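This report concerns only the one structure given below.
Start at 1 with the first residue, then count along the sequence. Since the structure is predicted, the reported quantities are computational estimates derived from the model, not experimental observations.
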Amino acid sequence: MSPLSKDAPINIVGAGVFGLSTALHLARRGYRNVTVFDKQPYDTTLYSYLNGCDAASADMNKIIRSAYGSQVEYQELTFEAIEAWKAWNSELATGNDLPLGMSKDDKVFYNCGNLSMTDGNVLPAFELATIKTMEECGHKDTQLITTDARHASIAESRGQGFALDPFHRKSKGKSNLGVLDSTGGVAVADKACRLALHKARGHGAKFVLDPVAGAFASFIADVHGKTIGIKTKDGRTHEAALTIMACGGWTPSLLTRLDHLCETTAGSVILYKIPQHSPLFQRFSPEAFPTWLWKVRDGAKGGLYGFPRDEAGYLKIGYRGTKYTNPKPQADGKERSVPVTRWSEGEKLKQIPEQAMKVLKGFVAEYLPELKEEGIDVELSRVCWYTDTFDNHFVVDRVPGDEGLFVATGGSGHAFKYLPNIGNWVVDVLEGAGEERPAVKAWKWRSVGVETPVNLLMEGSAGERALANVRLAEETNAAGNRAKL
Ligand SMILES: Cc1cc2nc3c(=O)[nH]c(=O)nc-3n(C[C@H](O)[C@H](O)[C@H](O)COP(=O)(O)OP(=O)(O)OC[C@H]3O[C@@H](n4cnc5c(N)ncnc54)[C@H](O)[C@@H]3O)c2cc1C
């Protein structure tokens with residue numbers, strides 16, 4: 001593989017976590033001809049879902065956790081990321097070189113902790129594996145068990161006492177078993193993306209963010225079939241020595257060679273809006289409330305997670321116990337799942353599945369009865385599209401047999417936390433550096449082997465999780481007015 005010169009034109013398609021971070025680190029490491037294309041006009045929509053963005057990265061918040069069971073590679077990658085998140089906060093606090101519309105009071109990471117809860121009476125194997133792995137790696141006492149008095153005093157001493165029992169279970173005489181990952185917390189996703197975009201531009205990366213001029217239409221190839229650039233929807237061609245596809249949930253249908261390696265699936269999200277005058281506004285602030293996971297590996301009846309409220313008062317809760325698909329016939333006659341959202345062109349989806357709403361509302365009734373007491377109901381529901389791989393590892397590699405094409409995708413529901421650092425790893429892979437590292441090995445282009453896949457992909461329109469086969473819940477809309485079915 002011939003090394004890329006620092007002047008070689010490089011196209012990145014997609015300005016989500018993978019594309020942004022790759023652009024930032026390519027430009028930072030001296031690549032002078034990097035152009036990022038995205039169909040979203042992020043300079044005006046500011047990575048906000050409420051402004052019409054529907055990428056996984058364009059969100060109000062995401063969880064940061066270094067607790068990864070026995071997966072040391074992601075644990076250590078997160079420690080590296082957290083240092084960078086803290087550095088970004090410090091840079092913002094100086095007030096120098098801020099992205100337009102952001103101030104020195106903005107933070108992109110709150111270290112409020114991430115509490116992983118169970119309703120059982122023993123800790124799940126994953127949590128025990130995390131504690132063991134953390135200790136082995138020299139991170140003792142980062143994982144704090146809610147029922148352990150010594151851990152409780154450590155949490156107090158770190159100002160995270162609130163995070164051990166955020167649902168006030170103890171005072172209600174209810175069980176409260178879980179592990180607080182004290183290293184974790186919440187990433188302010190939209191602002192973090194704006195900051196990364198600003199930084200990448202500052203290092204010289206160019207961005208074409210436009211529904212037509214920025215929208216990928218097709219690859220262009222030479223006579224040998226090697227990719228030599230892309231064509232955008234305005235008909236223009238953009239030749240490049242390398243094209244990096246980083247289109248999140250849209251990638252598998254744009255780069256069909258990803259069949260059976262990646263598939264887009266939908267998570268379900270509801271938002272409550274806490275009025276500023278409500279006592280709950282302070283209670284759910286990131287200074288007083290952690291991010292949390294509830295029975296997150298327990299299948300369809302669990303799989304919940306949530307956040308402190310954001311600055312506008314939105315309290316977000318998500319369900320990933322079942323990830324839904326949207327299989328549609330493609331140009332080559334095959335079915336592939338494609339994202340559909342409130343903001344899609346053509347067919348739209350404003351609701352979430354009834355099953356998801358049931359689990360979400362069941363949790364809220366038991367753990368957050370104060371919302372109902374305060375008269376606060378679901379204000380908005382939405383789906384959000386993952387790019388799952390069969391084994392939950394990312395895909396960061398050249399496309400086999402095509403020296404001009406590279407892919408950085410497969411976030412599998414856990415890549416946001418790596419916004420500040422994943423691009424550095426992508427550039428290493430591009431340069432052939434550090435190939436022996438377990439994460440880099442795990443991210444190689446691969447096919448499903450003999451082991452049982454973590455995610456079953458491409459079950460098609462007959463599959464139980466296909467949106468066409470599930471009932472949808474009552475609709476809520478982006479204007480904040482609850483709508484009827
Ligand atoms: C519901 C949900 C919850 C999650 N929670 C967490 C969490 O708590 N913590 C965490 O670390 N991770 C989380 N993740 C995962 C994380 O959000 C993703 O892994 C990450 O954001 C994926 O980034 P991406 O760049 O691959 O894709 P995306 O963010 O989807 O970006 C892809 C980009 O490609 C663009 N694009 C698509 N098609 C085209 C085209 N034809 N032309 C030009 N541009 C195009 C899109 O507009 C978009 O900007 C979650 C994901 C989901 C869906």
Which atom of S278 lies closest to which atom of E374, heavy atoms considered =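 In this case the closest contact between S278 and E374 is OG-OE1, 3.5 Å.
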
Is a side-chain donor or acceptor of [X] paired with a backbone partner of [Y] at a separation under 3.5 angstrom?
{"X": "W292", "Y": "A163", "value": "no"}
{"X": "Q40", "Y": "G52", "value": "yes"}
{"X": "Q160", "Y": "N111", "value": "yes"}
{"X": "W88", "Y": "F109", "value": "no"}
{"X": "T256", "Y": "S253", "value": "no"}

request  = List for me each residue that meets salt bridge (Lys or Arg N to Asp or Glu O under 4.0 Å) alongside E347, sequence neighbours excluded, and say none if there are none.
outcome  =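 Listed in chain order: K328.
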
query = Excluding sequence neighbours, so at least two apart, what forms salt bridge (Lys or Arg N to Asp or Glu O under 4.0 Å) with R446?
reply =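 Residues passing salt bridge (Lys or Arg N to Asp or Glu O under 4.0 Å) with R446: D391.
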
Atom pair OG1 (T147) and CG (L164), whose distance is rounded to the nearest 0.5 Å =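 Result: 9.5 Å between the selected atoms.
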
inquiry  = Rounded at 0.5 Å granularity, tell me how far CE in M357 sits from CD in E474.
reply    =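 Answer rounded to 0.5 Å: 7.0 Å.
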
Reference residue F289; test ring pair (Phe, Tyr, Trp, His ring centres under 6.0 Å); the match among F307, F167, F162, F281 =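 Per the ring pair (Phe, Tyr, Trp, His ring centres under 6.0 Å) rule, the option paired with F289 is F167, out of F307, F167, F162, F281.
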
ask   = Which residues pass the side chain to side chain contact (heavy atoms under 4.5 Å, CB included) test with E156, sequence neighbours left out?
value =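 In terms of side chain to side chain contact (heavy atoms under 4.5 Å, CB included), with neighbours along the sequence ignored, E156 is linked to no residue.
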
query = Does P438 have any side chain to side chain contact (heavy atoms under 4.5 Å, CB included) partners at least two apart in sequence or in another chain, and if so, which?
reply =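 With sequence neighbours excluded, P438 shows a side chain to side chain contact (heavy atoms under 4.5 Å, CB included) to E73, given in chain and number order.
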
So, are [X] and [Y] salt-bridged, with charged N and O less than 4.0 Å apart?
{"X": "D165", "Y": "K172", "answer": "no"}
{"X": "K191", "Y": "E311", "answer": "yes"}
{"X": "D259", "Y": "R336", "answer": "yes"}
{"X": "D377", "Y": "K361", "answer": "yes"}

Has [X] got more than 12 heavy atoms of other residues, nucleotides or ligands less than 6.0 Å from its [atom1]?
{"X": "E287", "atom1": "CD", "value": "yes"}
{"X": "K348", "atom1": "NZ", "value": "yes"}
{"X": "N121", "atom1": "CG", "value": "no"}

ask   = What residue pairs, at least two apart or across chains, pass side-chain hydrogen bond (donor to acceptor under 3.5 Å, both in side chains) with a residue in residues 263-276?
value =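 Listed once each, the pairs are T265-D388.
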
Residues in ring pair (Phe, Tyr, Trp, His ring centres under 6.0 Å) with [X], at least two apart?
{"X": "Y42", "answer": "Y47"}
{"X": "W294", "answer": "F363, Y367"}
{"X": "Y110", "answer": "none"}

task = Applying side chain to side chain contact (heavy atoms under 4.5 Å, CB included) between V364 and each of I376, V378, L315, I317, report the one that passes.
result =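 When side chain to side chain contact (heavy atoms under 4.5 Å, CB included) is applied between V364 and each of I376, V378, L315, I317, only I317 qualifies.
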
Using distance only, find each side-chain donor-acceptor pair of residues 123-134 under 3.5 Å and give its atom names and separation, not counting sequence neighbours.
unit_1, atom_1, unit_2, atom_2, d
E127, OE2, S116, OG, 2.6
T130, OG1, G69, N, 2.8
T130, OG1, F126, O, 3.1
K132, NZ, E136, OE2, 3.0
T133, OG1, G69, O, 3.1
T133, OG1, A129, O, 2.6

Taking the side chain as every heavy atom from C-beta outward, state whether [X] and [Y] have any pair of such atoms under 4.5 Å apart.
{"X": "S66", "Y": "D181", "answer": "yes"}
{"X": "C262", "Y": "T409", "answer": "yes"}
{"X": "W445", "Y": "L258", "answer": "yes"}

request  = Could you list the residues that satisfy side chain to side chain donor-acceptor pair (under 3.5 Å) with T322, not counting sequence neighbours?
outcome  =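 Here the qualifying residues are Y319, Q355.
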
key: Listed partners of T232 passing side chain to side chain donor-acceptor pair (under 3.5 Å), at least two apart   =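 Partners of T232 under the side chain to side chain donor-acceptor pair (under 3.5 Å) test: D234, H238.
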
Distance-only donor-acceptor hits, side chain of residues 74-83, under 3.5 Å, sequence neighbours excluded:
unit_1, atom_1, unit_2, atom_2, d
Y74, OH, H393, ND1, 2.6
Y74, OH, W443, NE1, 3.1
E76, OE2, H139, NE2, 2.8
T78, OG1, Y74, O, 2.6
T78, OG1, Y418, OH, 2.9
E80, OE2, N421, ND2, 2.9
E80, OE2, W425, NE1, 2.9

